[in-house]
Amino acid sequence: MVRITLPDGSVKEFANAPTVGEVAASIGAGLAKSALGGRVGTTGANLAKDGELVDLAHPIESDSSLAIVTAKNRDGTVSPDALYLLRHSCAHVMAEAIQRLYPGVQLVYGPPLETNFYYDMLFPDGKVMSADDFEKVEAEMAKIVAENRPFTRYELPIADGIAKLEKEGSKFKLDNAQRAVEAGSKSLSWYATGEPGKNWEDLCRGPHVPATGKIGAFKVLSLASSYWKGDEKLDRLTRVYGTAFATKEELEQYARLQEEARRRDHRTLGKQLRLFHIDEMVGQGLILWTPKGSIVRNELQNFIGTELRKQGYHQVYTPHIGKLDLYKTSGHFPYYKESQFPAIVEGDDLTKLCDSGCSCGELVARIDGVSAQFARELNERTGREVIAQDRVMDADKLINGFLLKPMNCPHHAKIFASEPHSYRDLPVRLAEFGTVYRWEQSGELNGMTRVRGFTQDDAHLFVREDQVAEEVLGCLSLVKIIFATLGMHEYRVRVGLRDPDGTKYVGDPANWDKAEQACRDAAKTLGVPFSEEPGEAAFYGPKIDFVVKDVIGRSWQLGTVQVDYNLPVRFDLSYTGQDNKPHRPVMIHRAPFGSMERFCGVLIEHFAGAFPCWLSPEQVRVLPISEKSAPYADELVAALKARGVRASVDHGNDRVQAKIKVAAEEKIPYMAVVGPRDAENRVVSVRARGVEANLGEMPFDAFVAGIAAEIDARLLSGAPGTVQAALTK
RNA sequence: GCCACCGUAGCUCAGUGGUAGAGCACACCCUUGGUAAGGGUGAGGUCGAGGGUUCAAUCCCCUUCGGUGGCUCCA
C-alpha cells in the first residue's frame with residue numbers, strides 16, 4: 001500500500017507503487033494529458049524546496065508527497081519545473097538534430113538554465129556551425145517534435161554503463177558518468193528519444209517530459225565557445241544556446257521581454273540620452289563621460305560626499321601612477337601583472353637597455369626584480385617569503401619604472417604612514433574618488449559595467465583591532481543608505497571567504513579567522529539574506545560584496561567592504577598605543593558604489609534612463625506655447641536656475657505637442673507648459689514624466705520651491721513630497 | 001585571449017558586383033499653434049581600416065580595428 005499526499009492535502013492510496021502518470025490519471029483525464037512530470041518528497045515535505053523532480057514514468061515506491069508538474073500552476077503562473085523539463089528535453093532534441101545534420105559531432109553536456117538551455121558539443125575538425133544554420137536545425141528539431149517520440153529511461157549497472165560508454169568512445173560522456181559515480185550514483189541512466197537501441201539516446205540523469213510532442217515552442221538562440229570543464233587548457237567546445245516553452249505565446253512573450261531588456265540596456269540608453277561615449281580612438285573600455293552623464297556621476301559623488309563628511313572621513317587626492325617599488329611592496333606587482341597596463345619605463349633607461357642588447361625576456365625579469373635589501377626587509381616583515389630569491393638582483397640591473405595605478409590602497413597607506421598616529425586618532429578614514437586602470441581581457445569588456453579605466457568611490461580606514469567590527473558596520477550602513485535612496489532592493493550580499501585549499505592568500509590564518517568572523521557578524525546586521533562563499537575573498541582579506549543583476553540577467557559586483565590584515569604589514573604601518581608601544585593597524589577597504597562607471601551603468605538600467613529628479617541631467621523643461629510666452633518662460637527658468645535647478649526653455653517653433661514629445665524622449669522628469677493664460681495668472685501647467693496628462697496648474701513660486709525641495713531631499717520620482725505627488729493627490 | 005555574429009549619414013536602419021537611400025536629428029523658410037510629431041527646402045556618407053579577386057567591390061576573399069552574445073578572467 002502506497003499513500004500519496006497531494007498538494008491540497010488529500011491522500012490517495014494505491015495497492016502497488018504507481019507511476020506519477022498513474023497518479024495523475026487517477027485524479028483526472030485532463031491532468032493525465034497535461035502532466036509533464038512530478039515533484040516527490042517524503043510525506044509532508046516542502047516539495048518546492050526538498051522535493052525531487054521526476055519523470056511521469058517514475059514509480060513511487062513508498063508513502064510520499066507528490067505535486068504533478070504541468071505547464072501552468074493551478075494559479076495560472078508558468079511552472080519553473082515544467083520549463084526545466086521542457087528545456088532539458090529540448091536540449092536532447094536539439095542535440096539529435098545537430099548530430100543528424102553534422103555527423104561526427106560529440107556531445108558533452110546540455111543543462112537547462114533559468115531562461116534557456118545550452119548543449120556543449122565538439123565539432124569534428126574543420127566543421128563549424130554558423131548562425132545561418134539555425135533555421136535548418138530548427139526544422140530538424142520540428143520533425144523530431146512532430147514525431148512525438150517518448151523519452152524512455154533505462155538504467156545500467158555502473159560497470160555495464162561504463163563499458164558501453166568506453167565502447168562508444170566518447171571521453172566526454174565517460175567523464176560525465178565517472179563524475180556521477182563519484183557523486184554517489186548507484187547506476188547510470190540513459191534517455192532514448194523513442195525506443196532504446198533503435199532511436200537516438202543520451203547518457204542523462206533526467207528527468208524529461210514524457211514525449212517530444214510536449215515541447216510546444218522552441219528556438220535556437222546563439223552560438224558561443226566554451227572550454228571543457230571550463231578549463232582553457234582542455235578542448236574548446238561549441239556551445240549552442242536555445243530555449244523552449246510550453247506554448248508559442250510564452251516564446252513570443254520571452255522575445256518581447258528580451259526586446260524590452262535591450263531598450264533598457266545602459267549601452268542603448270547611454271547613446272540615446274547622451275550619457276557617455278566610448279571612442280575607438282581613445283581606447284576600448286575607456287569611458288568618456290559626456291556633460292549629461294557627468295551630471296549623474298557628480299550628483300552621486302556629492303550625495304556620498306555628504307554622507308562621508310557625516311561619518312568623519314577625510315578627502316584626499318593621489319596621482320594616477322606610482323613607482324613600481326610601491327606595488328612591489330604592496331604585492332600587486334608582479335602578482336597581478338597580467339591584469340595591469342604594462343609598466344612605464346623611463347626613456348633613458350629603455351635606451352640604455354636597448355643599447356646593451358637586453359632581450360625582451362630579460363627586460364621583463366629586470367622589471368620584476370628587487371634589491372637584496374628590499375627582499376630581506378619585506379620577507380622579514382611578513383614572516384614569509386613573499387619575494388622569491390629569483391627576483392633578487394644586483395642594484396645596477398634594477399630598472400625603475402611606474403605603473404598606472406590598479407588600486408588606490410598603496411597610495412593611501414603611504415598617506416597614513418606620512419605622519420605618526422596615536423591610538424586616540426584612530427580610525428583614520430581616507431576617501432578618494434580614485435581612478436584606477438586594469439587590463440581586462442578584450443572579450444570581457446562591456447559598456448560601462450566592465451571597463452579598463454574606472455573611478456572607485458574608494459576609502460581606506462586605518463583602525464585598531466578592537467574597532468574592526470564597528471567600522472565594517474559603518475561601511476555597510478553607507479551601502480544601505482545608497483541602496484535605499486535609489487530604491488534598489490534587488491541585490492544580494494556575498495561574504496567572500498578563503499578557499500580552504502587556496503594558496504594565493506597572504507597573511508596570518510588566525511587574523512583571517514578574526515576578519516572573516518567580523519564580516520559575517522556585520523552582514524548579519526543587514527537584515528537581508530547573505531551567502532558565504534569560500535574562494536571569493538581577495539588575496540589580502542575577506543570581504544562583503546553587494547551584487548546586482550543587469551537587464552539581461554548578468555550579475556555585477558557593486559559595493560564592497562574588505563578587511564585587510566596584510567597591507568599594514570607590508571607597508572610597516574603603525575600607531576602608538578596606550579602602552580606607548582607601536583601597534584599594527586588593520587586596514588578596511590571599502591567602495592559603496594564600487595566604481596562610478598559600473599554603478600552608473602547599472603543605475604541607468606535600474607531607472608531605465610528615467611532618473612529621479614535630483615539625478616536627472618535636466619530637471620525641468622519649460623515649454624512656451626508660442627513666442628509670445630517666451631519672456632515668461634525665460635523668467636521661470638531664471639528662477640529655477642537661481643535655486644540650482646537644471647532647467648531650460650524649448651524655444652523651438654514647434655507646437656507644444658512636439659515639444660512634449662521631445663522632452664518625454666529625453667526622459668526629463670518635469671515639463672512646465674506656459675502660455676498667455678499661465679503668464680497672466682502667474683502659474684505653470686505641470687507635466688510629470690510617465691504621466692500622459694496635464695497635472696494641473698501650480699503657482700509660479702510654489703513650483704520653483706517644490707522642485708528645489710524635491711531635489712534637496714533626493715526623492716524618488718512620484719514619492720510623497722514630490723511635485724508630482726502633490727499634483728496627483 | 002577563445003568561438004559565433006555584426007560594422008552603411010549624428011542616431012535607428014534599408015539596399016546593390018556598375019562608386020548609395022529612408023525616418024529622426026541638424027540648418028533655413030512658412031506657420032504663433034494649449035498638452036506625445038504642422039508644412040516646405042537644404043546640408044550631411046572614402047558604405048570601420050588595409051590588402052586581394054574583378055574591366056568594375058560598399059557587396060566576394062584575406063588581414064586588421066571596433067562592437068555584441070557567450071567562455072575564461074575579474075586584486
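As the structure is a prediction and not an experimental result, all values here were calculated from the model. Per chain, numbering begins at 1; letters A, B, ... match sequence-line order. Just the heavy atoms: all of them, side chains too, but no hydrogens, waters or symmetry mates, feed the values below.
Taking every side-chain heavy atom of V656(A) into account, rU35(B) is the closest of rA75(B), rG1(B), rU35(B). Set against rG38(B), rU68(B), rA36(B), the side chain of D654(A) has rG38(B) as its closest nucleotide. Listed candidates were rG67(B), rG70(B), rG1(B). Nearest to the side chain of Q284(A) is rG67(B). For S225(A), the listed nucleotide lying nearest its side chain is rC2(B); candidates were rG38(B), rC2(B), rA75(B). Residue S685(A) places its side chain closer to rG34(B) than to any other of rU31(B), rG34(B), rG70(B). Here the nucleotide nearest the side chain of R274(A), chosen from rG10(B), rA36(B), rG1(B), is rG10(B). The side chain of R554(A) lies closest to rG69(B) when the candidates are rG38(B), rG69(B), rG1(B). With distances taken from any side-chain atom of R450(A) to the nucleotides rC71(B), rC74(B), rG34(B), the minimum falls on rC74(B). Of all nucleotides listed (rC71(B), rA4(B), rG1(B)), rG1(B) comes nearest to the side chain of Q441(A). Taking the side chain of K271(A) as heavy atoms from C-beta on, and the options rG69(B), rU12(B), rG66(B), the nearest nucleotide is rU12(B).
Between rG40(B) and rA36(B), the distance separating the two C1' atoms is 23 Å to the nearest Å.
Below 30°, between 30° and 60°, or above 60°: for W439(A) and F341(A) the angle between ring planes is above 60°, a perpendicular geometry.
Counting only N and O atoms by type, the side chains of E440(A) and S339(A) include no donor and acceptor under 3.5 Å apart.
Listed by chain and residue number, F245(A) satisfy the ring-ring contact (aromatic ring centres under 6.0 Å, His included) test with Y254(A) (two or more places apart in sequence, or in another chain).
To the nearest 0.5 Å, atom CD of residue E536(A) and atom CD1 of residue I544(A) are 14.0 Å apart.
With both pairing distances under 3.5 Å, rA57(B) is matched to nothing as a Watson-Crick or G-U wobble pair. Across every strand in view, rA22(B) sits in a pair with rU12(B) that passes the Watson-Crick or G-U test at under 3.5 angstrom.
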